[in-house]
2 protein chains.
Amino acid sequence: MRAGTAVMDNLAMRISARADYAVRAALELAAAGEDTSLKAEAIAEAQGIPHKFLEGILGDLRRGGLVISQRGGKGGYRLARPADSIPIADVIRVADGPLVSVRGVRPPDLSYVGPAESLLPLWIAVRANVRKILGEVTLAHVAAAKLPDDVLSLADDPEAWTNP
Amino acid sequence: MRAGTAVMDNLAMRISARADYAVRAALELAAAGEDTSLKAEAIAEAQGIPHKFLEGILGDLRRGGLVISQRGGKGGYRLARPADSIPIADVIRVADGPLVSVRGVRPPDLSYVGPAESLLPLWIAVRANVRKILGEVTLAHVAAAKLPDDVLSLADDPEAWTNP
DNA sequence: TAGATTTCCTATCGATTTACTAGGGAAGTG
DNA sequence: CACTTCCCTAGTAAATCGATAGGAAATCTA
């Protein structure tokens with residue numbers, strides 16, 4: 001922990017509010033069905049997300065080609081593709097940039113010297129693993145509460161839920 | 001990406017400079033051997049880390065029980081335990097707090113509603129996976145450039161090194 | 001004991017990022 | 001036209017990040 005500060009919430013790897021909100025909004029759209037559109041306000045209320053903030057995030061999802069928007073009275077947002085073809089990784093990347101980085105640099109662009117040389121393959125391995133999970137699990141999986149077996153088995157280990 | 005900004009380095013999951021520096025410093029100590037002590041300045045120079053910044057990080061490692069320090073002429077820092085008994089995860093946690101969090105909260109403390117309910121087990125699975133890798137790989141592994149086979153095989157996939 | 005060395009502690013700093021909020025314009029609907 | 005809903009730009013308070021400064025405390029050598 002950083003010296004001198006009492007409560008440290010400074011994290012090695014974190015998922016931002018933006019990414020979390022983006023995924024939850026996309027899940028609401030997935031649950032609604034590919035051709036039902038929902039208003040930003042309705043999503044915001046359902047998920048407890050500040051609605052003006054959510055509007056910005058939905059704009060990112062639209063520019064990223066994940067959702068389609070419609071203005072006016074019967075407007076709203078809907079998924080651009082079937083929910084089972086949209087991995088969680090895509091949503092996070094579109095809302096928040098690259099999945100994993102070290103010091104703001106992506107692993108392949110790092111250079112290490114001396115005994116730290118093997119750090120690079122280690123970060124790469126971590127990244128590959130995160131990518132594998134979040135690239136495999138789709139909106140449809142989560143919305144239907146049916147995660148793939150290999151992911152479920154990871155989450156089933158009781159030790160995975162403990163704190164430290 | 002966030003609307004309106006040109007270059008986005010805003011990341012879903014990142015390893016901070018602090019965590020990176022902490023691991024690299026610990027690796028220098030591991031390479032030096034358990035009972036050789038190194039001065040902060042020497043580590044800073046070897047790894048290209050701002051030395052006053054590093055001093056603070058080494059203080060965290062000391063308070064976390066990972067290194068032992070000695071002041072004065074022949075002083076410096078050395079590992080408190082053999083390098084093969086210190087996982088990378090420990091170093092990161094001591095320097096930077098919990099490994100993985102969502103919106104600054106640790107996964108078990110989150111609560112989701114509706115179609116987002118299965119997000120929790122998903123984050124838990126991601127965390128379990130990161131923990132598994134970083135808890136398995138020790139300072140000795142990295143310093144000797146001999147990562148465990150399962151980690152190596154992850155990093156060997158050429159696709160793991162690609163950008164997006 | 002004096003002097004040199006090196007850790008240890010506190011405080012501060014500028015830049016960036018994060019998580020939001022405000023206000024109004026553009027597009028579509030009845 | 002009136003109304004709705006998305007769309008866009010700006011701004012902002014607070015936290016965090018990465019780093020620096022200055023000196024007190026401990027330890028060693030001579």
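Numbers restart at 1 for each chain; the letters A, B, ... are given by sequence-line order, proteins then strands. In this text the structure is predicted, and so the values were computed from the model without any measurement.
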Whole angstroms only, please: what is the [atom1]-[atom2] distance between [X] and [N]?
X: A/Arg18; N: C/dT16; atom1: CZ; atom2: C1'; result: 15 Å
X: A/His51; N: D/dC7; atom1: NE2; atom2: P; result: 13 Å
X: A/Ile57; N: C/dC20; atom1: CD1; atom2: P; result: 9 Å
X: B/Asp60; N: D/dC17; atom1: CG; atom2: P; result: 13 Å
X: A/Phe53; N: D/dC6; atom1: CZ; atom2: P; result: 17 Å
X: B/Ile49; N: D/dT20; atom1: CD1; atom2: P; result: 12 Å
X: B/Ile15; N: D/dT16; atom1: CD1; atom2: P; result: 19 Å
X: A/Leu54; N: D/dC7; atom1: CG; atom2: C1'; result: 13 Å

Query - Residue pair B/Glu159 / A/Arg131: nearest heavy atoms and the distance that separates them - result: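 Residues B/Glu159 and A/Arg131, closest heavy atoms: O-NH1, 3.4 Å.
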Requested in this report: Heavy atoms only: give me the nearest B/Glu117-B/Tyr112 pair and the separation to one decimal.
Outcome: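 Heavy atoms only, the tightest pair is CG-O, 3.4 Å.
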Query raised in the report: Any side-chain N or O of A/Tyr21 less than 4.0 Å from the OP1 or OP2 oxygen of C/dA19?
Result: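 False: A/Tyr21 side-chain N/O out of range (4.0 Å or more) of C/dA19 OP1/OP2.
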Report task. Report yes or no: does B/Trp123 contribute a side-chain atom to a donor-acceptor pair with the main-chain N or O of B/Val100 at less than 3.5 Å? Result ->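 Checking the backbone N and O of B/Val100 against the side chain of B/Trp123, no donor-acceptor pair under 3.5 Å is found.
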Report summary line: Protein-proximity profile, nucleotides 3-9 of chain C, B/S/- by nucleotide at the 4.0 Å heavy-atom cutoff, equals --BBBBB
If you look only at distance, which donor and acceptor atoms sit under 3.5 Å apart when one is on a side chain in residues 132-151 of chain A and the other is two or more places apart or in another chain?
from: A/Thr138; atom 1: OG1; to: A/Ala140; atom 2: N; distance (Å): 3.3
from: A/Thr138; atom 1: OG1; to: A/His141; atom 2: N; distance (Å): 3.2
from: A/Thr138; atom 1: OG1; to: A/His141; atom 2: ND1; distance (Å): 3.2
from: A/His141; atom 1: ND1; to: A/Thr138; atom 2: N; distance (Å): 2.9

Below 3.5 Å is the cut-off: list the nitrogen or oxygen pairs between protein and nucleotides 11-13 of chain D, distance only.
none

In residues 66-89 of chain B, what donor-acceptor pairs under 3.5 Å come from side-chain atoms, sequence neighbours left out?
from: B/Arg81; atom 1: NH2; to: B/Ser85; atom 2: O; distance (Å): 3.0
from: B/Ser85; atom 1: OG; to: B/Pro82; atom 2: O; distance (Å): 2.8

Requested in this report: Go through B/Asp109 and B/Arg106 one step at a time and tell me if the salt bridge (charged side-chain N to carboxylate O under 4.0 Å, His left out) criterion holds.
Outcome: CA-CA 6 Å; B/Asp109 299 337; B/Arg106 302 196 204 164; 5.8 Å; no
May I have the list of side-chain donor-acceptor pairs in residues 31-52 of chain A shorter than 3.5 Å, sequence neighbours left out?
from: A/Thr36; atom 1: OG1; to: A/Ala32; atom 2: O; distance (Å): 3.0
from: A/Gln47; atom 1: OE1; to: A/Arg24; atom 2: NE; distance (Å): 3.0
from: A/Gln47; atom 1: NE2; to: A/Glu28; atom 2: OE2; distance (Å): 2.7
from: A/Gln47; atom 1: NE2; to: B/Val113; atom 2: O; distance (Å): 3.1

**Report entry** By side chain to side chain donor-acceptor pair (under 3.5 Å) - contacts of A/Asp90 (at least two apart)
**Finding:**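 Listed in chain order: nothing, the list is empty.
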**Report entry** Residue pair A/Tyr21 / A/Asp96, side-chain donor-acceptor N/O under 3.5 Å
**Finding:**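 Side-chain D/A pair, A/Tyr21 to A/Asp96: absent.
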